[in-house]
Amino acid sequence: MTIKYLHIFVLLLFSGLLQSCTDTTQVRVPATELYQKAMVAFEDEFYLEALKNFEILIEEHSGTRLATLSHLKMGDLYFLQNKWEESESSYRLFLLLNPRTHLTPYTLNRLIALNYERNIYGLFAKSRDYDRNMEPNRTLIREYQRFYLLFPQSPYLEDVQAYQSNALSDLAEHELHVANYYFDKESYHSAIGRYLYLLKHYPSFPRTAQVAERLIEAYRLNQQPELADEMQKVLETLRERKLLAKLTMREE
């Protein structure tokens, strides 16, 4: 009798394990269905539901094309929620898993955009505080250089160039902000270094003449009249050239 009951117990146990495996197989949702459900939720702005389905797809169908694509869509989802770190991680993971994808220009464009947007502050009145961290702008410029070298004919190039131009402008404003801070603190030597750096590295800065004037003033206050006079001559030459250019344009 003992052997008989033992056989029954083993059969029941095996049947239970088999049923458990069958149930697990039945619960596993196909990748295409998960992706479609995630995209519908995404488009309807049910972001938590979309994110959940993308995560399940990545976990249960790792290595498939749709699982890799899910990283890209998660980057887009996080971008819309202003979750910059999560967005960047998702985009970079997508590129790592799919280095030769035709979506690389789009992904790099998004990385450039998020590095610009993450440096905007304020809940209601958006602004760019130039005394804050400027590293996102520097990262953006590096990404732009990479983008331009790899995809000079990309339809996204115009958007990327606009972000790069804005980032350069922000970095120049930051340098001016710091230089003026040193000037106001009467640390003229430090202010001079910042003004010179700005003039050298950001020649397209629209207020170059104002920077030069402040530099001349800093030289004089720092007891460097010769350098002040030299810079004054340079400034006058630049103004004469601009005036001549304007007159030429009017005659044409």
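These values consider heavy atoms only, across backbone and side chains, with no hydrogens, waters or symmetry-generated copies.
- Here the NZ-OG1 distance, from Lys73 to Thr68, works out to 14.5 Å after rounding to the nearest 0.5 Å.
- Shortest non-hydrogen contact noted between Val160 and Asn109 is CG2-OD1, 3.6 Å.
- Between Arg142 and Glu135, at least one side-chain N (NZ, or NE/NH1/NH2) sits under 4.0 Å from a carboxylate O, which counts as a salt bridge.
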**Report entry** Tyr47/Tyr78 under side-chain contact (heavy atoms from CB on, under 4.5 Å): CA gap, chis, key distance, verdict
**Finding:** CA-CA 9 Å; Tyr47 295 142; Tyr78 286 130; over 6 Å; no
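- The line from CD1 of Ile58 to CG of Leu34 is 10.5 Å long, rounded to the nearest 0.5 Å.
- Between the side chains of Tyr35 and Asn53, no donor-acceptor pair is found at a separation under 3.5 Å.
- Considering all non-hydrogen atoms of both residues, Leu108 and Glu143 come closest at CD2-OE1, 3.9 Å.
- A donor-acceptor pair under 3.5 Å is formed between the side chain of Ser70 and the backbone N or O of Leu66.
- In this structure, Phe147 is a member of the same hydrophobic cluster as Leu103, with clusters built from ILVMFWY side-chain heavy atoms closer than 4.5 Å.
- Taken to the nearest 0.5 Å, the CG atom of Leu215 stands 10.0 Å off from the CG atom of Leu235.
- Here the closest heavy-atom approach between residue Ala50 and residue Leu77 is recorded as CB-CD1, 3.8 Å.
- More than 12 heavy atoms of other residues, nucleotides or ligands shown are found within 6.0 angstrom of CD on Gln81.
- Panel note: side chain His61, backbone Val29; a donor-acceptor pair is recorded below 3.5 Å.
- Using a 4.5 Å heavy-atom threshold, the side chains of Phe42 and Met74 count as separate.
- A heavy-atom distance below 4.5 Å is found between the side chains of Arg207 and Glu173.
- At a threshold of 4.5 Å between side-chain heavy atoms, the hydrophobic network of Ile, Leu, Val, Met, Phe, Trp and Tyr places Leu69 and Leu93 in two separate groups.
- Residues Gly75 and Ser87 share a closest heavy-atom pair of O-OG, 2.9 Å.
- A salt bridge is absent between Arg214 and Glu175: the closest approach of a Lys/Arg side-chain nitrogen to an acidic carboxylate oxygen does not fall below 4.0 angstrom.
- Side-chain contact check for Phe151 versus Leu157: every heavy-atom pair is 4.5 Å or farther apart.
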Report task. Assess whether side-chain contact (heavy atoms from CB on, under 4.5 Å) is satisfied between Leu111 and Leu95, documenting all intermediate values. Result -> CA-CA 11 Å; Leu111 283 169; Leu95 291 175; 4.1 Å; yes
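- Under a hydrophobic-cluster definition in which Ile, Leu, Val, Met, Phe, Trp and Tyr are linked whenever side-chain heavy atoms come within less than 4.5 Å, directly or via other members, Leu227 and Leu199 are assigned to the same cluster.
- Both Tyr195 and Leu221 sit in one connected hydrophobic cluster of ILVMFWY residues. Membership requires side-chain heavy atoms under 4.5 Å apart, directly or through other members.
- Of the possible polar contacts, none joining the Ser187 side chain to the Phe183 backbone as a donor-acceptor pair under 3.5 Å is found.
- Looking only at atom types and distance, the side chain of Asp76 has a donor-acceptor partner in the side chain of Tyr106 under 3.5 Å away.
- Contact check for Tyr91 versus Leu114: side-chain heavy atoms found under the 4.5 Å cut-off.
- Side-chain contact check for His71 versus Asn98: every heavy-atom pair is 4.5 Å or farther apart.
- Put simply, the side chain of Ser90 never gets that close to the backbone of Leu72: no donor and acceptor are under 3.5 Å apart.
- For the pair Arg110 and Phe79, the cation-pi test (distance below 6.0 Å, angle within 45°) is passed.
- Proximity of a side-chain donor or acceptor of Ser89 to a complementary backbone N or O of Glu85 within less than 3.5 Å is detected.
- Within the 4.5 Å cutoff, the side chain of Leu140 has no heavy atoms near those of the Asn166 side chain.
- Other residues, nucleotides and ligands contribute over 12 non-hydrogen atoms within 6.0 Å of the CZ atom of Arg92.
- Open room surrounds CG on Leu48; 12 or fewer heavy atoms of other groups in view lie less than 6.0 Å from it.
- Atoms OH and CG, on Tyr144 and Asn115 in that order, are 16.0 Å from each other to the nearest 0.5 Å.
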Query raised in the report: Does the pair Ile141 and Leu171 meet the rule for a side-chain contact (heavy atoms from CB on, under 4.5 Å), with working shown?
Result: CA-CA 10 Å; Ile141 291 169; Leu171 287 171; 3.4 Å; yes
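- The two residues Met231 and Ala212 come nearest to each other via the heavy atoms CG-O, 4.2 Å.
- In plain terms, the two heavy atoms of Leu198 and Ala172 that are nearest each other are CD1-O, 3.4 Å.
- Salt bridge status for Arg138 with Asp170: absent, with no side-chain N to carboxylate O gap under 4.0 Å.
- A donor atom on one side chain and an acceptor atom on the other are not found under 3.5 Å apart for Asn137 and Tyr163.
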Requested in this report: Please lay out, stage by stage, how Phe94 and Thr104 fare under the test side-chain contact (heavy atoms from CB on, under 4.5 Å).
Outcome: CA-CA 9 Å; Phe94 170 73; Thr104 296; 5.9 Å; no
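- Taken from NE2 in His189 to OH in Tyr219, the straight-line distance is 10.0 Å, to the nearest 0.5 Å.
- Here Phe205 contributes atom CZ and Leu176 contributes atom CG; the two are 5.0 Å apart, rounded to the nearest 0.5 Å.
- Aromatic ring centres of Tyr182 and Tyr188 lie farther apart than the 6.0 Å criterion allows.
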